[in-house]
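Below is one structure, written out as structure tokens; comments come after it.
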Number of protein chains: 2
Amino acid sequence: MVEAQLLSKNQQIVLDIIENAKAPLKAYSILFNVQKKGINAPQQIYRALDKLIEIGKIHKIESKNAFVACKNANCEVSKATAFSICERCEKVEELNDLKLSKYLSSYSDKTGMKYKKYNLEFFGLCKKCK
Amino acid sequence: MVEAQLLSKNQQIVLDIIENAKAPLKAYSILFNVQKKGINAPQQIYRALDKLIEIGKIHKIESKNAFVACKNANCEVSKATAFSICERCEKVEELNDLKLSKYLSSYSDKTGMKYKKYNLEFFGLCKKCK
DNA sequence: TAACAGTTTGTTATAATATAACATATGCAA
DNA sequence: TTGCATATGTTATATTATAACAAACTGTTA
Ligand SMILES: [Zn+2]
Ligand SMILES: [Zn+2]
Ligand SMILES: [Zn+2]
Ligand SMILES: [Zn+2]
């Protein structure tokens, strides 16, 4: 059993906002949302984001410069992330497909290079948008 | 036979620089490299980059905000990209693995969502760095 | 030829995203 | 209580990307 990580005040504030959001949040949109809580500078947000990413509580959607909460217990370990992104409504879901992650985690290319980490972003139209 | 796309002056300048680079280039580093050629503003770079991406001549490495030339004839059609990235020396290679691209191109998640496009970035240590 | 549409270019300004650097505070263990 | 690691607050700045508008160039066709 892994000990639950204790979060600092700012880390908890930022995580709460991301977890309660319906869509990926951008750093500055988080900042604007916490100014009433006394956080005033981008650094404070980015530091919390960095830590939350490091411990696997959130992920960055690289193609959008936005952040989502992880809903997948084993991401802390694997550093393997996969997302589906709707190109119309921008809805993002973290994929949690064991077969896919096994396939990619064991992937090594022709040079024999082995990977410790990957990020996959799929684009298409979600059920509602197609 | 697909007609070769004719590039405009700025598009060709930017493509030449990216094709001759040993590593992914950032937009502003391209800009600094073409000021002797009379290109002075970021817009001119970003416009060329956008076009080159659209026609499949280059790709953006999202995790690095950098651009590489495509060495893969069928990327223009597929919009399916996969890269290996060395975490130490930053070397980036475009993967051209038919099995991988078939697997991902036919992937549909549990909701039945079908994808038109994907981007995959693998991280590890290259041969020289490990 | 002249009018036109489409695309490319040039230019200035500004928005959005992210980090540097330094001072202070807080929690905890030796 | 001293020391160390971590977290915070703050100001400034760097980096990445887009907006908005005017002018030039291209090929097409009335
Ligand atoms: Zn996750
Ligand atoms: Zn949608
Ligand atoms: Zn390619
Ligand atoms: Zn390397």
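Keep in mind that this is a model prediction, so the values were computed, not measured. Lettering follows sequence order; numbering is per chain, from 1.
- When the P atom of D:dT6 is taken as reference, atom CD of A:Gln11 falls 12 Å away, rounded to whole Å.
- The CD atom of A:Gln12 sits 16 Å away from the C1' atom of D:dT8 (whole-angstrom rounding).
- Between C:dT8, D:dT10, D:dT8, one nucleotide has an atom nearer to the side chain of B:Lys51 than all others, and that is C:dT8.
- Sparse packing is recorded around NZ of A:Lys102, with 12 or fewer heavy atoms of other residues, nucleotides or ligands lying under 6.0 Å away.
- The distance from atom CD of B:Glu62 to atom C1' of D:dT15 is 16 Å, rounded to the nearest whole Å.
- Among residues two or more places apart in sequence or in another chain, the side chain to side chain donor-acceptor pair (under 3.5 Å) test is passed with B:Lys64 by B:Glu90.
- B:Lys22 NZ: 12 or fewer foreign heavy atoms inside a 6.0 Å radius.
- Between the side chains of A:Glu94 and A:Asn96, no donor N or O sits under 3.5 Å from an acceptor N or O.
- For B:Leu6 and C:dT7, the CG to P distance is 14 Å, given to the nearest whole Å.
- Rounded to whole angstrom, the span from the NZ atom of B:Lys9 across to the C1' atom of D:dA23 amounts to 14 Å.
- Note: CG (B:Asn10) to P (D:dA23) measures 19 Å, nearest angstrom.
- Side chain of B:Ser29 to backbone of B:Leu25: no donor-acceptor contact under 3.5 angstrom is found.
- In this model, the phosphate group of C:dG10 is not approached by any side-chain N or O of B:Asn40 to a distance below 4.0 Å at OP1 or OP2.
- Phosphate proximity of D:dT8 to A:Ser8: present, with a side-chain N or O under 4.0 Å from OP1 or OP2.
- The aromatic ring centroids of B:Tyr107 and A:Phe122 lie less than 6.0 Å from each other.
- Electrostatic pairing of B:Lys117 and A:Glu121 does not count as a salt bridge here, judged by no charged N lying under 4.0 Å from a carboxylate O.
- In this structure, A:Leu25 places its CG atom 16 Å from C1' of C:dA16, rounding to the nearest Å.
- At whole-Å resolution of the value, CD1 in A:Ile13 and P in D:dA7 are 14 Å apart.
- Put simply, A:Gln44 has no side-chain N or O that comes within less than 4.0 Å of OP1 or OP2 on D:dT10.
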field: Protein-to-nucleotide contact annotation, 5' to 3' order, nucleotides 17-26 of chain C [B base; S sugar-phosphate only; - none; under 4.0 Å, heavy atom]
entry: BBBBB-----
